[in-house]
Amino acid sequence: MKKTKHRHSDVQSAARGSGNDVREGDKTPSWPETLLAWYGAHRRPLPWRTPGSAPLSEEADVYRTVVSEFLLMRTRVRAAEGYFRRFLERFPNWDELARAPEEEVLRFWQGIGFYRRATYLHSLARTVVERHGGKFPRDPRSWNELPGIGPYLSGLLAAKLLGLPEPAVDGNAQRVVARLFAWEGPKDDPGFVRRVRDLLRTYIPPELPGTFNEALMELGETVCTPRSPRCPECPLQDECAARRSGEPTRYPRPASPRPRPLEERDVYLCRTEAGILLVRRDTGLLARLWHFPHLSSASAEAGSCCADFAFIGTVEHAFTHRLWILRLRVPPASSATCGRAREDLVRLLAEDGWETRWFLPEELVRVPMPRVFRKVEERFAPFW
DNA sequence: GTCCGGTAGA
DNA sequence: TCTACCGGAC
């Protein structure tokens, strides 16, 4: 169960509101009004959007919104669209999702990354069904107990579901605000996100908080883009401090780069009459997904028979925070050597805390597996 | 190659 | 408050 995160105090304090920039009799529209007008004309019809950005009323719309937002965490709209359609077709409501086995949910998530989102969403569906009668709770205080609902999604739902004047601060909103006011950031400073949220609270129109949040994010996605902003098309160009500066992309300052350690690992095709050996674990990188068994090249060399597996080439895979060089190994030619090497491998995997299971080759297509091991699968296929 | 993007757990 | 987590676009 989740710990207290202090995030919904934001939602509650927002209810007090600090007004907005829309003043009666003011002839010049404030930028939130300009933004809303632009959004009315440029809103993209995305598969999870209801017509006219109406507040969420039907539970089916709440479900679709939540699913789409889980898919969109740290993920672009274009990448998420196809996943959303397939996911909704198979899991059309909280009940179907809650009933499904986790492995099937992960299979629909495979390839899009950040797989923990899928297990959180699945667990969220079960909580909604078992503890809230199949209806997403309307009390923001109870959101603390829900997996996968952080400050952004909490703000989004507070606005869209409850009509509270609460900002939904994603990367797009941060960028648009940073440019509008020429705030440097840096983006990886938690204080920066807080300042953006505080500022947006003073501008968010109390009558249309959900639409305003969407509009801000839409502008960031389609016009105020990270690298090549289309300033001449921007409805806020006249009030944008970054544009006036002549260097809009200087805002916000990018997060400080992190080192990306290189890891060499040996990956094994382990094939018997029982099938092909795959492994998984509950935590860490690619948690809950199936992997071809792999060991750090160091531990594989440490006096084991794994070196008897024949090297057939390498696969490289870049994660954001690390780089993998995988050395592909297939069973040795001699069957005696093969048995010994296999026992050695299974023992070392168990010591590393991996759960092991054998799959028939035709079963692999239905197994949730990340991109990197689909690449490996392609290279191993000729050997089974 | 470099940059982009929310949440949880520590 | 910091770090781990994935894959795709440019």
Side-chain angles (χ1 to χ4, degrees), chain A residues 1-8 10 65-83 106 109-124 143-157 167-176 178 185-197 213 216-217 220-222 224-230 249-263 281-289 291 315-324 368-375:
Chain A
M1 199 42 53
K2 224 161 20 171
K3 311 293 171 295
T4 307
K5 282 185 269 182
H6 308 293
R7 54 192 193 212
H8 300 304
D10 292 347
T65 297
V66 171
V67 170
S68 70
E69 290 298 338
F70 270 73
L71 275 167
L72 288 167
M73 285 174 197
R74 309 280 285 176
T75 303
R76 299 293 208 289
V77 165
R78 213 179 311 170
E81 276 175 318
Y83 282 87
L106 279 170
W109 218 267
Q110 102 176 302
I112 196 172
F114 290 104
Y115 300 101
R116 219 71 55 84
R117 296 179 289 175
T119 64
Y120 292 147
L121 178 58
H122 186 224
S123 154
L124 172 60
W143 297 351
N144 275 321
E145 303 305 317
L146 301 179
I149 313 268
Y152 158 76
L153 190 44
S154 172
L156 182 120
L157 291 171
V169 182
D170 74 340
N172 293 302
Q174 288 171 44
R175 189 171 55 254
V176 172
K187 270 178 27 176
D188 54 352
D189 173 12
F192 171 67
V193 183
R194 210 164 36 241
R195 287 198 298 282
V196 170
R197 186 176 300 114
N213 286 335
L216 198 61
M217 295 188 276
E221 276 173 33
T222 62
C224 193
T225 55
R227 291 177 218 222
S228 316
R230 292 179 256 283
T249 52
R250 272 189 50 211
Y251 308 92
R253 187 145 48 90
S256 21
R258 300 200 181 287
R260 187 158 58 170
L262 187 147
E263 292 179 10
R281 60 186 169 185
D282 285 338
T283 57
L285 188 65
L286 305 168
R288 307 297 298 155
L289 273 77
H291 305 216
V315 160
E316 290 184 18
H317 188 82
F319 300 98
T320 293
H321 51 305
R322 72 188 72 186
L323 200 58
W324 267 6
M369 201 183 273
R371 292 272 194 234
V372 56
F373 291 115
R374 289 297 176 199
K375 288 200 254 179

Exercise for the section: In whole angstrom, give the distance that lies between atom CG of A/N172 and atom C1' of B/dC3. Expected result: 14 Å
Problem - Contact under 4.0 Å: A/H321 side-chain N or O vs C/dC5 OP1/OP2 - result: yes
Problem - Phosphate contact (B/dA8 OP1 or OP2) by A/R117 side-chain N/O below 4.0 Å - result: no
Problem - A/Y120 and A/H122 aromatic centres sub-6.0 Å - result: no
Problem - Distance in angstrom units between A/W109 CH2 and B/dG6 P, rounded - result: 14 Å
Problem - First of A/L289 and A/R258 reached from the 5' end of DNA chain C, by closest nucleotide - result: A/R258
Exercise for the section: Give one of base, sugar-phosphate or nothing for A/R76, where a contact means two heavy atoms less than 4.0 Å apart. Expected result: base
Practice task
State whether the side chain of A/R230 and the backbone N or O of A/C224 hold a donor-acceptor pair below 3.5 Å, judged by distance alone.
Solution key: no
Exercise for the section: Look at the side chain of A/R117 and the backbone N and O of A/F114, then say whether any donor-acceptor pair between them is shorter than 3.5 Å. Expected result: yes
Exercise for the section: Give A/F114 one of three labels, base, sugar-phosphate or nothing, depending on what nucleic acid heavy atoms sit under 4.0 Å from its own. Expected result: base
Problem - Rounded distance in Å - CZ (A/F192) to P (B/dG6) - result: 13 Å
Exercise for the section: Please tell me if the side chains of A/L121 and A/V67 come closer than 4.5 Å, counting only heavy atoms from C-beta onward. Expected result: yes
Exercise for the section: Give A/D170 one of three labels, base, sugar-phosphate or nothing, depending on what nucleic acid heavy atoms sit under 4.0 Å from its own. Expected result: sugar-phosphate
Practice task
Compare side-chain N and O positions of A/K187 against OP1 and OP2 of B/dC3 and report whether any pair is under 4.0 Å apart.
Solution key: no
Problem - Rounded distance in Å - CG (A/L72) to C1' (B/dC4) - result: 14 Å
Handout entry: Along DNA chain C (nearest heavy atom to each residue), the more 5'-positioned of A/P190 and A/F319
Key = A/P190
Handout entry: Nearest-angstrom distance from the residue atom CG of A/L153 to P of B/dG6
Key = 11 Å
Problem - Closest nucleotide among B/dT2, C/dA4, B/dC4 to the A/R260 side chain - result: B/dT2
Practice task
Give a yes/no on whether any side-chain N or O of A/R227 is located under 4.0 angstrom from OP1 or OP2 of B/dC3.
Solution key: no
Practice task
Tell me which nucleotide among C/dG7, B/dG5, B/dT7 gets nearest to the side chain of A/L286.
Solution key: C/dG7
Problem - Whole-Å gap separating C1' (B/dC3) and CZ (A/R74) - result: 11 Å
Exercise for the section: Decide side-chain contact (heavy atoms from CB on, under 4.5 Å) for A/W109 and A/F70; before the verdict, give the C-alpha distance in whole Å, the side-chain angles of both, and the deciding distance to 0.1 Å. Expected result: CA-CA 11 Å; A/W109 218 267; A/F70 270 73; 4.1 Å; yes
Problem - Short side-chain N/O contact to C/dC10 OP1/OP2 from A/R78, under 4.0 Å - result: yes
Exercise for the section: Would you kindly give the CG-to-C1' distance between A/L323 and C/dC5, to the nearest whole Å? Expected result: 16 Å
Fill in the blank from the handout: Of B/dC4, C/dA4, C/dG7, the nucleotide closest to the side chain of A/P370 is C/dG7
Handout entry: Euclidean distance, atom CH2 of residue A/W143 to atom C1' of B/dA8 [Å, nearest integer]
Key = 19 Å
Problem - Pair A/Y115-A/Q110, side-chain donor/acceptor within less than 3.5 Å - result: no
